[in-house]
Amino acid sequence: MKKYYIYILVSFIVAQTNPVSDAGPDQFVPLGSSVQLDGSNSYDLDGNVTSFQWSASGVSLSSTTGTTPTFTAPSSPDTVVVTLTVTDD
């Protein structure tokens with residue numbers, strides 16, 4: 001009786017995925033109040049988030065590279081647009 005062997009080669013290709021930024025929910029705050037942003041729910045499926053880059057329209061952020069920067073809301077009704085960009089390893 002002959003024996004036959006089958007060799008199976010399995011390979012995995014891990015694709016680089018982009019990280020996902022999460023700047024938190026929209027906020028409605030009193031005029032002139034302190035506002036805290038939170039990017040800590042940002043993630044990377046195949047690694048770690050290594051940096052944060054925040055920008056905001058019409059206000060000065062306490063930090064543009066931290067996880068949870070703050071700013072003072074405008075003293076008159078306005079909409080502040082905040083953008084968070086994250087990078088991964």
Side-chain angles (χ1 to χ4, degrees):
M1 174 183 219
K2 290 185 179 181
K3 291 184 179 182
Y4 294 95
Y5 295 95
I6 299 173
Y7 292 96
I8 300 173
L9 176 62
V10 178
S11 62
F12 296 94
I13 298 175
V14 178
Q16 175 69 20
T17 60
N18 291 327
V20 176
S21 63
D22 182 347
D26 291 347
Q27 298 183 45
F28 298 92
V29 300
L31 299 177
S33 66
S34 180
V35 179
Q36 183 169 28
L37 304 172
D38 188 351
S40 64
N41 285 327
S42 300
Y43 62 93
D44 181 28
L45 291 175
D46 61 352
N48 297 306
V49 171
T50 57
S51 69
F52 296 83
Q53 185 63 51
W54 295 89
S55 64
S57 63
V59 296
S60 294
L61 298 173
S62 63
S63 170
T64 57
T65 59
T67 307
T68 55
T70 61
F71 67 91
T72 301
S75 57
S76 60
D78 202 354
T79 299
V80 176
V81 177
V82 176
T83 303
L84 171 60
T85 302
V86 295
T87 55
D88 62 349
D89 51 3

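The two residues Asp44 and Asp46 have their closest heavy-atom pair at OD1-OD1, 2.8 Å. Between Gln27 and Gln36 the shortest heavy-atom distance is NE2-O, 3.2 Å. The two residues Ser63 and Pro69 come nearest to each other via the heavy atoms O-CB, 3.1 Å. In terms of heavy atoms, Val86 sits closest to Pro19 at O-CG, 3.5 Å. The two residues Leu31 and Pro77 make their nearest non-hydrogen contact at CD2-N, 3.7 Å.
Ser42 and Asp22 form no side-chain donor-acceptor contact under 3.5 Å, judged by distance and modelled atom types alone. One side chain, Asp38 or Ser40, offers a donor N or O that lies under 3.5 Å from an acceptor on the other.
There is a path of hydrophobic side-chain contacts, each under 4.5 Å, that joins Val80 to Trp54. In the hydrophobic cluster analysis, where Ile, Leu, Val, Met, Phe, Trp and Tyr join through side-chain heavy atoms closer than 4.5 angstrom, Val29 is grouped together with Leu37.
Within 6.0 Å of CG in Asp26 there are 12 or fewer heavy atoms belonging to other residues, nucleotides or ligands.
Through chains of ILVMFWY side-chain contacts below 4.5 Å, Val20 is grouped with Tyr43, Leu45.
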ask   = Between Thr65 and Phe52, does a side-chain contact (heavy atoms from CB on, under 4.5 Å) hold up when you go through it step by step?
value = CA-CA 5 Å; Thr65 59; Phe52 296 83; 5.6 Å; no
task = Test side chain to side chain donor-acceptor pair (under 3.5 Å) on Ser34 and Thr70 and set out the steps.
result = CA-CA 7 Å; Ser34 180; Thr70 61; 5.0 Å; no
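Atom CG of Asp88 is separated from atom OG1 of Thr50 by 6.5 Å, given to the nearest 0.5 angstrom. Here the straight-line distance linking atom OG of Ser55 with atom CG of Leu84 works out to 9.0 Å at 0.5 Å rounding.
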